[in-house]
There are 2 protein chains.
Amino acid sequence: MSRPIRTRRQATLASLAAELGVSRTTVSNAYNRPDQLSPELRRRVLETARQLGYPGPDPVARSLRTRKAGAIGLLLTENLSYAFRDPVALGVLEGIALACEDSGTGLQLLPAGPGNEDVSTVHKAGVDGFVVYSVPDDDPHLSGVLQRPVPTVIIDQPLIDGVDRVGPDDAAAMTAMANHVVELGHRSIGVLCMRLSQDRNDGPAPLSRQHQAHYHTQRTRLNALATTFSNVGVEWSTVPVIERFDHTVSDGATAAAELLDANPEVTALICTSDILALGALEEAHRRGLRVPADLTITGFDGIADAQRAGLTTVHQPVQDKGHAAGSLLLNPARKTSTVPGSAQVITLDTELKIGTTSAQPRTTEQHWFGP
Amino acid sequence: MSRPIRTRRQATLASLAAELGVSRTTVSNAYNRPDQLSPELRRRVLETARQLGYPGPDPVARSLRTRKAGAIGLLLTENLSYAFRDPVALGVLEGIALACEDSGTGLQLLPAGPGNEDVSTVHKAGVDGFVVYSVPDDDPHLSGVLQRPVPTVIIDQPLIDGVDRVGPDDAAAMTAMANHVVELGHRSIGVLCMRLSQDRNDGPAPLSRQHQAHYHTQRTRLNALATTFSNVGVEWSTVPVIERFDHTVSDGATAAAELLDANPEVTALICTSDILALGALEEAHRRGLRVPADLTITGFDGIADAQRAGLTTVHQPVQDKGHAAGSLLLNPARKTSTVPGSAQVITLDTELKIGTTSAQPRTTEQHWFGP
DNA sequence: AACGCCTTCTGAACCGTTACGGTTCCAGAC
DNA sequence: GTCTGGAACCGTAACGGTTCAGAAGGCGTT
């Protein structure tokens, strides 16, 4: 197998047509509509193309004319290492890719990492639509995407008027988790959460920061916790919330350490992700705390490692999430998208999974206060 | 934040120019070469663009004119689930993505799974180059890629004249591993290998199949084993080689079971991948065989799980491999590519890692035969 | 002989942009 | 008062296709 000889200048459909003495239309038809010309002529066209080293119609020129690129873009404002290492992100990515494969569409990963302030990559991407994942509310790349006259689906966050969205009902899911912890009797809790904004803040997240968080899902989950616990008399402003910028197990561990050092009275640690919870679990073991006897730990996401660890968590179908987003973008339901305000929203089912890391608090004396 | 009102027909650079009473060139310059026009006019252009809902120059038209798509394609003839689950594939993918991110280039995953006989996706991808990974010698998508007048880099396999390649020296690496096993004294060995061809064959791979394997790296690794062991008097045709189509730990386990059932005399199991070796390890434990006392097991790749398991293996830098391939494609070294036969080849270093799964065979009587 | 129909092929418009090689204008030098 | 040089802007010609409305010719029907 060897590559065709590159002629002085690449052959084009026009030069091929000239060589054959037929019109460009005919050559085009030879590739795209075989029924529009005689088999004999088609054979000749293809044969001559081979001889001239003509590689077939140029995809870009075709895209310009047909207004179809045959690919969708994925906007992910994260380091690639995150996308390829985090189980949740990977599941979502796989789901999107699967949807693309189903419809024979390419999936273009856009280079829009945190260090990249250059929005032009979004403007330069020749794609038929965008999936947006794991992006803060105020990301400049996102507004670049929204300017483009192509359909867009946002996964999880942010929630933007008129733009399709796929995601779980975070508020309901976290409320269910909070209720579980409340019903077990915990009133002294701590929270570990993921990045709330683009500016790094590894440490306590005060109320103000919680409220103006640029990551919608984190904000929503914290709100759900705040509401539920306030309803049972826990003053939310006194609940310690520790934030971590990076999302690794060891970050979960250091966050748990930080929280337990400052608040040893805590009986339950609610984490907004399984990764953080797994780290908390490690730290608890390191301290000789028994889980759940001494400390209840809960997660969010339902990743495989969490299941292995018996973590009490909220399971969400990450692969389905990606697949739903891809399908929404690629499928003919698109036709209605011209009607304003008709954005589609797909809400995914979540499931509260009670594992072996949650139980009643050991000391329940504090509940016998009261009137 | 809300999307701009879609006018009857999308505004174009030309209509914007008409509206402003300037030439299209000027509008183009407003976006691409701010220094070519006065700040005041530029402001007016951008302002009017906003009013008209003009989203900036169309990326596809721009690509046609500039002959740059700003993205490269990744050809991977595998199920996406493989790409996203297999640690080696994931590492390679990450490396490629990192290289793309460095240069602000998009990475387009081409839908070319095993079920997809349609080569047109390769022809329709508007990209500036291709990275090819994990593709058999005779794959039709590959020849489609090679026809395209853009640079291509192949990772690992196949080896094609005049096409750039990045990969380890599989023969040398596997020879080193074979020597290690030979030096330990093993003469009765078995081999577990990955898919040799597109047609599924879960079972023994006879010599003929080994020789006409369409996966170059597997062929090379088997050849290295055959040569080394032949040199010490082991008749290669009697060495059991068990093939698995899918590449999972449990496939490794069943392959090991199959091999050990038929050849209980085997003292060392050489696997052409860590995943298979990890499966073999499982199966050995299931049978109560102690590793390495009763059975030596070796892998290939050096994935994280293998290190954790203490596997004796060959480590290859998978992420570097992807990164090297991406860089080779994207960097200006491209200029020399017109000279025929000047394909670049990057050979990556490998390292034999002796772990705790290889040792001398327990019964060495058989060595005391001979003159 | 006129008519309609089918097959096969063509001509010209169009997709939206950027590269290229200008022209125009005006301030400042001489 | 002419010349010069740079800044600002412009017109034309691609870039490489697809598409649609027909033209030309052959053939069967009435």
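A, B, ... follow the sequence lines: proteins, then strands. Residue 1 opens every chain.
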**Message:** Of the options dA19(C), dT17(C), dC9(D), whose atoms approach the side-chain atoms of Tyr54(B) most closely?
**Reply:** dT17(C)

**Interatomic distance where CG belongs to Asp35(B) and P belongs to dG6(D) [whole Å]** = 15 Å

**Prompt:** Expressed in angstrom and rounded to an integer, what is the separation of Leu64(B) atom CG from dT17(C) atom P?
**Reply:** 12 Å

**Message:** Expressed as a whole number of angstroms, how long is the span from Tyr31(A):OH to dT19(D):C1'?
**Reply:** 18 Å

**Message:** Would you call the rings of Phe84(B) and Phe84(A) parallel, tilted or perpendicular, taking 30° and 60° as the class edges?
**Reply:** parallel

**Message:** Less than 4.0 angstrom between a side-chain N/O of Ser28(A) and OP1 or OP2 of dT18(D), yes or no?
**Reply:** yes

**Prompt:** Counting just side-chain N and O atoms, does Thr66(B) come under 4.0 Å of either OP1 or OP2 of dA19(C)?
**Reply:** no

**Message:** Determine whether Arg148(A) and Asp128(A) satisfy the following criterion, salt bridge (charged side-chain N to carboxylate O under 4.0 Å, His left out), listing intermediate values before the conclusion.
**Reply:** CA-CA 10 Å; Arg148(A) 293 278 302 272; Asp128(A) 299 324; over 6 Å; no

**Prompt:** Taking atom P of dA7(D) as reference, at what distance in whole Å does atom CZ of Arg42(B) sit?
**Reply:** 17 Å

**Asked** Val60(B) near the nucleic acid: base, sugar-phosphate alone, or nothing, with a heavy-atom cut-off under 4.0 Å?
**Response** nothing

**Request:** Examine dT18(C): is either OP1 or OP2 under 4.0 Å from a nitrogen or oxygen in the side chain of Asn29(B)? Give yes or no.
**Result:** no

**Message:** Rounded to whole Å, how long is the line connecting atom CD of Gln36(B) with atom P of dG21(C)?
**Reply:** 15 Å

**Request:** Send over the distance from Asn32(B) CG to dG16(C) C1', rounded to a whole Å.
**Result:** 13 Å

**Message:** I want to verify a distance call: between dC9(C), dC15(D), dA13(C), whose nearest atom is closest to the Leu37(A) side chain?
**Reply:** dC9(C)

**Complete:** From the list Ile160(B), Thr77(B), Val119(B), side-chain contact (heavy atoms from CB on, under 4.5 Å) with Leu142(B) holds only for Ile160(B)

**Message:** With a 4.0 Å cutoff (strictly under), does any side-chain N or O of Arg62(B) reach OP1 or OP2 of dT18(C)?
**Reply:** yes

**Asked** Does Arg33(A) make a side-chain N or O approach to OP1 or OP2 of dT19(D) shorter than 4.0 Å?
**Response** yes

**Item:** Candidate nucleotides dC9(C), dG17(D), dA14(D), ranked by approach to the side chain of Arg65(A) - the nearest
**Value:** dG17(D)

**Asked** Leu13(B) CG to dC10(D) P: how many Å, rounded?
**Response** 12 Å

**Item:** 5'-most by nearest nucleotide on DNA chain D - Ser38(B) or Arg67(B)
**Value:** Ser38(B)

**Asked** Nearest to the side chain of Arg24(B) - dT18(C), dA13(C), dG11(C)?
**Response** dT18(C)

**Asked** With side chains defined as the heavy atoms from C-beta onward, is the minimum distance between Val132(B) and Thr152(B) less than 4.5 Å?
**Response** yes

**Prompt:** Is the shortest side-chain N to carboxylate O distance from Glu40(A) to Arg43(A) below 4.0 Å?
**Reply:** yes

**side-chain N/O Thr12(B) vs dG16(C) OP1/OP2, d < 4.0 Å** = no

**Asked** Under 4.0 Å: is that the gap between some side-chain N or O of Thr25(A) and OP1 or OP2 of dT10(C)?
**Response** no

**Prompt:** dA8(D) P sits how many Å from Arg44(B) CZ, rounded?
**Reply:** 15 Å

